[in-house]
Number of protein chains: 2
Amino acid sequence: MAISTAEGTDQFSGAQRPLYEVKANLFKGLAHPVRVRVLEVLSAADSVSVTDLLADTGLEASHLSQHLSVLRRHNLVVAERRSSQMFYRLAYPEVANLLTVARSLLVKILETTQQQLVSTVNLPEIVSSDGDDGRVT
Amino acid sequence: MAISTAEGTDQFSGAQRPLYEVKANLFKGLAHPVRVRVLEVLSAADSVSVTDLLADTGLEASHLSQHLSVLRRHNLVVAERRSSQMFYRLAYPEVANLLTVARSLLVKILETTQQQLVSTVNLPEIVSSDGDDGRVT
DNA sequence: TTAGGAATTGATGAATTCATCATATCGACA
DNA sequence: TGTCGATATGATGAATTCATCAATTCCTAA
């Protein structure tokens with residue numbers, strides 16, 4: 001097909017990558033519930049420790065870590081060590097914008113398809129730790 | 001993990017799907033260069049025929065069709081038959097917004113990571129048909 | 001009423017992503 | 001300096017997505 005994939009799959013593989021490939025790759029980075037959840041949590045707080053994220057998501061540490069690694073690789077988050085813990089935050093406020101706009105679109109779509117939105121409050125097994133008021137982001 | 005996947009992978013599988021899963025699923029629908037490209041083309045025109053999309057992308061018909069099917073399943077586009085041809089358009093203008101916001105984020109990211117944006121004009125094998133001036137969307 | 005163009009569907013192997021487990025690194029502090 | 005808590009990395013099989021090819025449906029016009 002016309003759309004080359006020869007230059008690699010991240011967004012750093014040389015100058016000649018078409019925008020739509022880079023864009024698709026960005027969406028790939030967002031295309032997992034755990035990663036979306038993490039970004040939502042980070043959108044609502046300046047900086048969150050991995051420990052807190054573990055509590056929030058109920059994930060196994062290595063599993064979360066892999067998803068954080070994906071988010072880092074996509075330059076969506078940045079990590080910083082503070083003494084013994086790692087803290088993550090959004091790399092750019094625009095990441096939160098993207099989630100917000102995605103949500104608006106979803107509202108439209110779900111309205112039309114007769115679905116009801118469910119806030120994150122009633123969700124199975126997401127342990128709500130302090131600071132998380134369950135608001136829909 | 002805490003995040004259930006038992007309810008299916010589209011956005012229609014019952015009311016109890018957490019927002020972050022639905023959102024992740026939306027991003028999955030966008031996570032392919034062909035689909036992004038198609039949405040970009042549709043963002044710039046009211047309605048485009050499959051024939052034109054074929055010319056634009058250089059894809060094999062069945063391949064394009066599968067991606068169009070994904071976009072339909074995700075409610076991102078709607079199809080309409082006009083005599084012998086199928087015409088596609090964005091299901092909601094918000095779809096275009098999402099692409100625009102994604103682009104802004106990408107500009108930020110690529111600025112930081114020293115990458116240069118490349119317009120779609122110089123891309124290999126994308127046949128530029130009438131109406132497509134190669135502008136970056 | 002059938003031939004042909006336009007588009008979709010189905011099937012298949014290849015490639016990618018995911019979840020899980022085991023192991024490794026890094027830093028604080030005893 | 002050795003050990004423990006915190007996090008990351010590596011390896012593996014399972015699941016999903018992709019690309020390609022063949023077959024099918026739908027429409028139009030001869």
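These numbers come from the heavy atoms of this one structure, side chains and all, not from hydrogens, waters or symmetry mates. Protein chains get the first letters and strands the later ones, always in sequence-line order, with residue 1 at the start of each.
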Value in whole Å for how far the C1' atom of C:dA7 lies from CZ of B:R72 | 9 Å
A:H32 and A:H67 aromatic ring geometry - parallel, tilted or perpendicular at 30°/60° bounds | tilted
To the nearest angstrom, the CG-P distance between A:L59 and C:dA19 comes to 9 Å
Scan side-chain atoms only and decide if B:Q85 and B:T51 contain a donor-acceptor pair under the 3.5 Å cut-off.
-> yes
Just checking A:Y88: base, sugar-phosphate only, or nothing, at a heavy-atom cut-off of under 4.0 Å?
-> sugar-phosphate
Protein proximity profile, nucleotides 22-30 of chain D - base contact B, sugar-phosphate-only contact S, no contact -, cut-off 4.0 Å on heavy atoms | B----SS--
Does C:dC21 have OP1 or OP2 sitting under 4.0 Å from an N or O in the side chain of A:H63?
-> no
Can you figure out which of D:dT7, D:dT17, C:dT20 approaches the side chain of A:Q85 most closely?
-> D:dT7
Taking every non-hydrogen atom, the tightest pair across A:S47 and A:F87 | OG-CB, 3.3 Å
For A:L68 against A:Y88, the heavy-atom pair lying closest together = CD1-CE1, 3.7 Å
Within less than 4.0 Å of OP1 or OP2 of D:dA19, is there a side-chain N or O belonging to B:H67?
-> yes
Value in whole Å for how far the C1' atom of C:dT17 lies from NE2 of A:H74 | 11 Å
To the nearest angstrom, the NE2-C1' distance between A:H32 and C:dT17 comes to 8 Å
Here the distance between atom C1' of C:dA7 and atom CG of B:L71, to the nearest Å, is 15 Å
Is any side-chain N or O of A:Q66 under 3.5 Å from a base N or O of C:dT20, one able to act as donor and the other as acceptor?
-> yes
Rounded distance (Å) that lies between atom P of D:dA6 and atom CG of A:D52 | 11 Å
What pair of heavy atoms forms the shortest contact from A:A102 to B:F27, and how long is it?
-> CB-CZ, 3.7 Å
Rounded to the Å, how far apart are B:L64 CG and C:dT9 P?
-> 13 Å
Main-chain N/O of A:K28 paired to A:R35 side chain as donor or acceptor, under 3.5 Å = yes
Starting from P on C:dC18, measure out to NZ on B:K28 and report it in whole angstrom.
-> 7 Å
Separation of B:R89 CZ from B:S43 OG (nearest 0.5 Å) | 13.0 Å
